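Structure first, then comments.
Bear in mind the structure is a predicted one, so any value in this text is a computation, not a measurement.
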Amino acid sequence: MIWIDQQPALDRALARVAANPVVAVDTEADSLHSYFDKVCLIQISVPGDDLVVDPLRKLDLTRFGELLADRAIIKILHGADYDLRILNRDFGFTPANLVDTMICAQLLGYEAIGLAALLERHFALKLDKSHQRADWAQRPLSREMLAYAATDTRHLIELAEKLRAEL
């Protein structure tokens, strides 16, 4: 997991991300701890890299928005509706060419469609969901919170491949 809270590190990381045809994306917000919620983390995974970006550091996220809009890159999200709304509201980003693994699971008729259930079903992975309701605006984030955040995207690309094959 690579923590990114400086512009040069973000620029280098996004150059690596742009070289991939498929990217996994997730966000964490402080909706349970703030009346006006905001994007507090952006998680991005590509093969070999799990990036956790701190948008509270007022980084220039323009390149990330361009990657999200790039139709040549497939974006994999799980339960994308909230992520899409807050990415658009907070940054004006409108992703294109995306696959939502939760919708894939619904189309397949799965009863359990949460990410934890899908990862357990397809990879025998048990996710620690203890940080699901954490205050993501707090800084510094604990090592456990960062590991939790990275896990939300780490397996999404492979999961999407399995679900799309089933579909």
Side-chain angles (χ1 to χ4, degrees), residues 1-5 7-29 31 38-55 59-125 127 129 132 136 146-167:
M1 189 281 305
I2 301 168
W3 171 249
I4 298 174
D5 64 353
Q7 193 66 47
L10 178 62
D11 295 340
R12 287 189 302 273
L14 291 178
R16 291 193 312 274
V17 169
N20 287 274
V22 180
V23 175
V25 176
D26 189 33
T27 63
E28 302 298 340
S31 60
K38 62 192 163 299
V39 177
C40 297
L41 286 182
I42 299 171
Q43 301 100 286
I44 307 164
S45 288
V46 295
D49 277 328
D50 298 313
L51 313 171
V52 180
V53 178
D54 185 359
L59 302 171
D60 180 357
L61 297 171
T62 303
R63 181 67 182 124
F64 176 61
E66 293 167 355
L67 292 172
L68 288 176
D70 186 341
R71 293 188 172 280
I73 300 173
I74 299 170
K75 277 65 70 180
I76 310 293
L77 291 93
H78 183 83
D81 57 339
Y82 182 68
D83 300 298
L84 295 176
R85 280 196 311 271
I86 63 175
L87 284 169
N88 184 269
R89 180 200 66 203
D90 289 4
F91 307 110
F93 298 157
T94 304
N97 195 11
L98 63 95
V99 174
D100 187 328
T101 52
M102 188 166 81
I103 291 175
C104 291
Q106 289 173 321
L107 291 171
L108 288 164
Y110 288 8
E111 285 186 34
I113 59 171
L115 182 58
L118 294 176
L119 293 179
E120 186 169 350
R121 176 180 181 145
H122 288 280
F123 305 110
L125 291 174
L127 287 190
K129 299 303 276 182
Q132 191 169 21
W136 294 102
L146 292 171
Y148 168 90
T151 302
D152 274 355
T153 53
R154 180 172 295 139
H155 306 285
L156 277 183
I157 294 171
E158 190 177 0
L159 176 63
E161 290 170 1
K162 287 181 176 286
L163 295 173
R164 291 182 82 181
E166 282 188 58
L167 285 168

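In this structure, the side chain of Asp26 does not engage the main chain of Asp152 through any donor-acceptor pair within 3.5 Å. Asp90 places no side-chain N or O within 3.5 Å of a backbone atom of Lys38 that could act as its donor or acceptor partner. When atom types are taken as modelled, the side chain of Glu28 and the backbone of Val39 share no donor-acceptor pair closer than 3.5 angstrom. Side-chain atoms of Asp100 come within 3.5 Å of backbone atoms of Ala80 as a donor-acceptor pair (strictly under, hydrogens ignored).
Contact of the Pro95 side chain with the Leu84 side chain is registered, since non-hydrogen atoms from C-beta on lie closer than 4.5 Å. Side chains of Glu158 and Val22 form no contact here, defined as non-hydrogen atoms less than 4.5 Å apart. Looking only at side-chain heavy atoms (C-beta outward), Leu167 and Leu108 come within less than 4.5 Å of each other. The shortest distance between side-chain heavy atoms of Ile76 and Val23 does not fall below 4.5 Å. A 4.5 Å side-chain heavy-atom check between Leu156 and His78 finds at least one atom pair inside the cut-off.
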Exercise answer: donor-acceptor pairs, residues 110-125 side-chain atoms, under 3.5 Å, sequence neighbours excluded:
| from | atom 1 | to | atom 2 | distance (Å) |
| --- | --- | --- | --- | --- |
| Tyr110 | OH | His122 | NE2 | 3.1 |
| Tyr110 | OH | Glu166 | OE1 | 2.9 |
| Tyr110 | OH | Glu166 | OE2 | 2.6 |
| Glu120 | OE2 | Lys126 | NZ | 3.4 |

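None of Asp49, Leu68, Leu14, Thr153 except one satisfies the side chain to side chain contact (heavy atoms under 4.5 Å, CB included) rule with Ile44; the exception is Leu14.
Relative ring orientation between Tyr148 and Trp136 is described as parallel, the plane-to-plane angle staying below 30° on a 0-90° scale split at 30° and 60°.
Smallest separation of non-hydrogen atoms from Leu67 and Ala18: CD2-CB, 3.4 Å.
Salt-bridge annotation for Arg63 and Asp11: absent, with no side-chain N of the basic residue lying under 4.0 Å from a carboxylate O of the acidic one.
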